[in-house]
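Reviewing the structure listed below.
What's counted below: heavy atoms across the whole structure, side chains too, no hydrogens, waters or symmetry copies.
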Amino acid sequence: MEQIYQILVWASVFLYWLLIAGVTIRVVLKRRALGVSIAWLMIIYIIPIVGVILYLLFGELNLGRKRAERAKAMFAPYLNWLETLNQCEAHRPHHHSFLARPVHDLCLRRAGIPALAGNQLSLLNQTNDILRNIAQEVKQAKSSINMVFYIWHPGGHADDVAHAICSAAKRGVTVRVLLDSAGSKAFFKSHWPDSMRKAGVELIEALAVSPARMFLRRLDIRQHRKIVIIDNKIAFTGSMNMVDPRFFKQDAGVGQWVDIMVKVDGPSVPILNSIFAWDWEFETGLRYLPDLPECSLIEQHQHANHSVQVAPSGPGMPDGIIQQVLMLAIHQAKKSLTITTPYLVPSESLMSALQTTAQRGVTVNIIIPAKNDSLMVDWASRSFFNDLLRAGINIYRFNGGLLHTKSVMVDDNFCLMGTVNLDMRSLWLNFELTLCVDDPDFCEEMIALQQSYISDSTIVSLEQWSKRSIFNRPIEQFFYMFSPLL
């Protein structure tokens, strides 16, 4: 009997070694950022069995067979649709500024998406105004309403939008709503899904989280886009989820969320609608590519030569394209660079780009919330402060709530805004969207908004930061080691 026990023990040890060795080889052979591989190896060796399970669940970009095959088949027809826009009069690459041109060339070559001019943009930075604007446009919709959100949380003015889309569906408007399963779990537990479906709304729960599917596809891939399209003519996109901040995460101790949305009227709206169509087909298999935009421009049009570049990313799309856009913008800065982000956990390459930009004399400002709703991200963000401050970067901690705005301003002339956080999940994993705007008037509004954030912030000095508690430093270092996975 004792020999049987010994055999079982040795067999268990061998199988355990074989499992760890196999997963280790798999981690090493995957071509990705070195920091990501090291972080996963640490988890596997610190908590062996659990670490292996976590890696199998979350370590690789596994869409599931059906979605992966669907995404592969989708790319060609969408690319053909986008290629027709190259003949559009609103496609004016010869008018692009030197900041916008490289971003356009990258997006055109990698994703087939051209920048289009002639758009009227309105920056909305008051959450009540944003929700009222969306509800008003929904009430005036004549043919179609398409929406995709990471979070829809019932309550307040968000319910006004819900009532408006139910009414629109009842009067014959085609309404399609795509909501992330994890982000909108409160919504799917409410009465609203039944109410919407009874009204005729086509409501889809995207990327459903289910233990039964955990080994079939990666569960933490999230639909993080925020887009509203009305009649293929008016669009809203930005950082704001479909939530009324007065009714959302009030017990988190971070204050109300501070967000922006941009209202777009012009030829870029159908491109945004095609991104929604991609997400809808990716989830349902049903194709609804929008009509092409009306491209005729009047030369005297105020925005005839100012372009908007739509840059999407996510599974099935070109890898890392938004990070490439961001890196291009950062490296082109000559005078100033101002970034707002709720989650500051930069990749190695992004961290190096920020430091290099500051060290060559560019004024670099980063604005983040003073309090964060994610404890892990908060500690991981702090672990970067020392290196950022030593490079001469200004860090501002916003005191007016959880600053959720995602924006980048380059030399006061070119800006990026959308759904992307400065972390690995947004840059490499989730479905995201960025607008790259080459429009002086819009940039002027964005500059004023960023300055208002700075005026309500506390700057972090290197001297002050070096005096922080010595007990904080090992905690920061611990979360820094796992920052590539946050």
Side-chain angles (χ1 to χ4, degrees), residues 91-111 113-117 119 121 123 262 268 303 305-313 318-341 344 346-367 384 387-388 391-396 405-423 426-428 432-451 454:
H91 182 215
R92 299 184 167 194
H94 50 289
H95 287 292
H96 292 169
S97 69
F98 76 95
L99 290 169
R101 190 173 299 115
V103 171
H104 164 263
D105 292 346
L106 174 71
C107 292
L108 185 63
R109 289 176 179 272
R110 290 210 66 205
I113 303 177
L116 298 183
N119 300 281
L121 305 180
L123 179 61
V262 174
S268 290
H303 302 276
N305 295 322
H306 300 312
S307 65
V308 173
Q309 176 72 64
V310 178
S313 69
D319 293 339
I321 188 169
I322 287 184
Q323 166 142 311
Q324 290 181 310
V325 167
L326 182 58
M327 295 286 281
L328 269 176
I330 291 172
H331 282 303
Q332 290 185 105
K334 297 188 183 308
K335 297 182 298 181
S336 63
L337 176 72
T338 301
I339 297 172
T340 65
T341 180
L344 177 64
S347 63
E348 294 175 25
S349 57
L350 183 55
M351 183 71 176
S352 177
L354 291 170
Q355 290 173 298
T356 301
T357 299
Q359 288 165 345
R360 58 185 172 84
V362 175
T363 300
V364 179
N365 304 312
I366 300 178
I367 314 168
F384 293 94
D387 290 339
L388 291 170
I393 293 171
N394 302 314
I395 300 175
Y396 295 91
T405 299
K406 305 98 163 37
S407 67
V408 179
M409 177 61 63
V410 183
D411 290 346
D412 296 343
N413 286 312
F414 183 64
C415 66
L416 316 179
M417 57 79 58
T419 69
V420 180
N421 301 312
L422 294 192
D423 59 27
S426 274
L427 294 172
W428 292 103
E432 304 282 1
L433 182 73
T434 289
L435 293 189
C436 312
V437 182
D438 185 22
D439 186 324
D441 294 335
F442 182 83
C443 288
E444 189 174 334
E445 292 184 62
M446 184 65 77
I447 293 166
L449 180 63
Q450 290 180 331
Q451 287 301 316
I454 289 176

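- With contacts defined as side-chain heavy-atom distances shorter than 4.5 Å, the pair Ser313/Val325 does not qualify.
- The two atoms that bring Ala333 and Arg360 nearest to each other are O-NH1, 2.7 Å, heavy atoms only.
- The two residues Gln309 and Val103 make their nearest non-hydrogen contact at CG-CG1, 4.2 Å.
- With values rounded to the nearest 0.5 angstrom, His96 atom NE2 is found 8.5 Å from Asp105 atom CG.
- For Ala311 against Ile322, the heavy-atom pair with the smallest separation is O-CD1, 3.4 Å.
- The neighbour count for Gln359 CD, taken as heavy atoms of other residues, nucleotides or ligands under 6.0 Å away, is above 12.
- When Asp411, Ile366, Val408 are each tested for a side chain to side chain contact (heavy atoms under 4.5 Å, CB included) with Leu337, only one passes: Val408.
- For Ser407, the side-chain hydrogen bond (donor to acceptor under 3.5 Å, both in side chains) partners two or more places apart in sequence, or in a different chain, are Thr340, Gln450.
- Between His91 and His104, the ring-plane angle classifies as tilted under the 30° and 60° cut-offs.
- The backbone N or O of Glu348 sits nowhere less than 3.5 Å from a side-chain atom of Ser352 that would complete a donor-acceptor pair.
- Residues Phe442 and Val262 are in side-chain contact: their nearest non-hydrogen atoms beyond the backbone lie under 4.5 Å apart.
- Between the CG atom of Leu354 and the CD1 atom of Ile330 there is a distance of 4.5 Å, given to the nearest 0.5 Å.
- Closest non-hydrogen pair, Cys443 versus Phe414, comes out as SG-N, 3.7 Å.
- Side-chain atoms of Asp438 come within 3.5 Å of backbone N or O of Ser97 as a donor-acceptor pair.
- With contacts defined as side-chain heavy-atom distances shorter than 4.5 Å, the pair Leu344/Leu388 qualifies.
- Checked by atom type and distance alone, the side chain of Gln355 never pairs as donor or acceptor with a backbone atom of Ile393 at under 3.5 Å.
- With hydrogens and angles disregarded, no donor-acceptor distance shorter than 3.5 Å links the side chain of Asn421 to the backbone of Ser426.
- Side chains of Leu350 and Met327 form a contact here, defined as non-hydrogen atoms less than 4.5 Å apart.
- Taking CD of Glu445 as the reference point, atom CG of Leu123 lies at 5.5 Å (rounded to 0.5 Å).
- Atoms CG and CG, on Leu435 and Asn119 in that order, are 9.0 Å from each other to the nearest 0.5 Å.
- The closest side-chain heavy-atom distance from His95 to Ser307 is not below 4.5 Å.
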*Decide yes or no on side-chain contact (heavy atoms from CB on, under 4.5 Å) for Thr341 and Asp423, but give the supporting numbers first.*
CA-CA 10 Å; Thr341 180; Asp423 59 27; over 6 Å; no

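- Between the side chain of Gln323 and the main chain of Leu427, no donor-acceptor pair closer than 3.5 Å is present.
- For the atom pair CE (Met417) and CE (Met409), the distance works out to 10.5 Å, reported to the nearest 0.5 Å.
- Note that the CD atom of Gln451 and the CG atom of Asn365 stand 7.5 Å from one another [nearest 0.5 Å].
- When all heavy atoms of Ile113 and Val310 are compared, the pair lying nearest together is CG2-O, 3.4 Å.
- Side chains of Thr419 and Glu432: a donor-acceptor N/O pair is present below 3.5 angstrom, by distance only.
- In this structure, the side chains of Ile367 and Thr405 stay at 4.5 Å or more apart for every pair of heavy atoms.
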